[in-house]
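Worksheet: the structure to be examined is printed underneath.
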Amino acid sequence: MRQFAHRLSGFCDTLDGAMAHKLGRPTAWGTLLDITFDRLVEIGIILSTAVLHPEASFWLLILMSSILISMTVFLTVGALAEKKGIKSFYYQAGIMERTEGFIFFSLMLLLPNYLKGIALTFAVLIFITALQHISEGKKILKQV
């Protein structure tokens with residue numbers, strides 16, 4: 001059931017933005033909902049995984065912390081940057097995007113024996129992405 005919910009979430013996440021852009025109707029409200037629901041799904045997966053595998057809770061907490069740091073930098077740069085991208089805010093790409101996140105979350109669900117290592121690797125890659133966003137943000141915000 002968790003895997004079905006995870007896949008449905010990914011499908012809906014992709015579909016809503018694609019439809020809004022195809023119809024020429026992306027909105028700031030849609031962006032807010034998209035980012036918020038992405039985080040709710042991530043929190044749900046991490047918390048439910050921690051309940052099922054309490055021995056991995058520390059590593060899942062590290063993962064949650066890396067997501068928090070990365071999203072803070074991502075959203076702050078997006079809010080402060082003057083230029084806008086295809087989305088309704090400035091979007092910084094990094095090594096950990098939505099697709100990679102789905103891959104790692106799927107691996108966590110499919111390979112619980114390797115959960116700690118997967119969560120740690122995932123967290124490190126997200127932290128590297130945060131560093132990428134900080135570096136890009138420094139360049140962009142010097143121009144503002």
Side-chain angles (χ1 to χ4, degrees), residues 2-21 25-144:
R2 286 183 306 158
Q3 290 174 356
F4 172 75
H6 179 64
R7 289 190 178 127
L8 178 62
S9 166
F11 174 74
C12 291
D13 183 52
T14 303
L15 184 63
D16 67 342
M19 289 302 295
H21 288 288
R25 298 185 359 212
T27 64
W29 175 245
T31 299
L32 172 66
L33 291 176
D34 181 51
I35 292 171
T36 301
F37 285 112
D38 285 351
R39 300 300 75 74
L40 287 172
V41 168
E42 291 168 354
I43 290 167
I45 292 170
I46 293 170
L47 290 178
S48 63
T49 303
V51 169
L52 291 173
H53 302 281
E55 72 284 357
S57 291
F58 175 76
W59 302 109
L60 293 167
L61 184 58
I62 296 294
L63 174 58
M64 186 85 78
S65 299
S66 70
I67 292 170
L68 177 62
I69 291 166
S70 183
M71 286 310 300
T72 298
V73 175
F74 175 81
L75 293 173
T76 302
V77 172
L80 296 175
E82 288 182 357
K83 60 182 183 175
K84 307 286 184 201
I86 191 168
K87 297 191 180 240
S88 58
F89 64 99
Y90 179 71
Y91 185 88
Q92 303 173 87
I95 60 171
M96 290 302 294
E97 297 286 337
R98 190 76 173 145
T99 301
E100 292 80 9
F102 274 114
I103 291 168
F104 272 92
F105 280 125
S106 295
L107 289 172
M108 287 170 48
L109 298 173
L110 293 170
L111 303 169
N113 291 339
Y114 301 98
L115 180 56
K116 293 175 188 177
I118 294 168
L120 179 59
T121 303
F122 193 6
V124 167
L125 291 172
I126 291 171
F127 186 72
I128 290 170
T129 302
L131 293 176
Q132 287 179 309
H133 292 165
I134 288 171
S135 176
E136 185 177 353
K138 183 177 180 183
K139 294 173 193 170
I140 292 167
L141 297 177
K142 278 185 178 179
Q143 299 169 3
V144 175

For residues [X] and [Y], report the shortest heavy-atom separation together with the two atoms involved.
X    : Y    : answer
P112 : L109 : CD-O, 3.9 Å
A130 : V73  : O-CG1, 4.1 Å
S66  : F127 : CB-N, 4.4 Å
A119 : L60  : CB-CD2, 4.2 Å
Q132 : I95  : OE1-N, 2.9 Å

Measure the [atom1]-[atom2] distance between [X] and [Y] for me, rounded to the nearest 0.5 Å.
X    : Y    : atom1 : atom2 : value
M96  : I128 : CE    : CD1   : 10.0 Å
L131 : I126 : CG    : CD1   : 12.5 Å
F105 : T49  : CZ    : OG1   : 8.0 Å
F104 : T99  : CZ    : OG1   : 12.5 Å
I134 : T72  : CD1   : OG1   : 10.0 Å
L40  : E42  : CG    : CD    : 9.5 Å

Check: [Y] and [X] side chains under 4.5 Å, non-hydrogen atoms:
X    : Y    : result
K116 : H53  : no
E100 : L125 : no
L63  : M108 : yes

Margin query: Do the side chains of E136 and K139 get close enough for a salt bridge, i.e. N-O under 4.0 angstrom?
Written below: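 Here E136 does not pair with K139 in a salt bridge, since their nearest N and O are not under 4.0 Å apart.
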Checklist line | N/O donor-acceptor pair under 3.5 Å between S65 side chain and L61 backbone | finding: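 The answer is yes, because a donor-acceptor pair under 3.5 Å joins these two groups.
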Margin query: Please verify the inter-ring angle class for H133 with F74; under 30° counts as parallel, over 60° as perpendicular, anything in between as tilted.
Written below: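 Rings of H133 and F74: tilted, as their planes differ by 30° to 60°.
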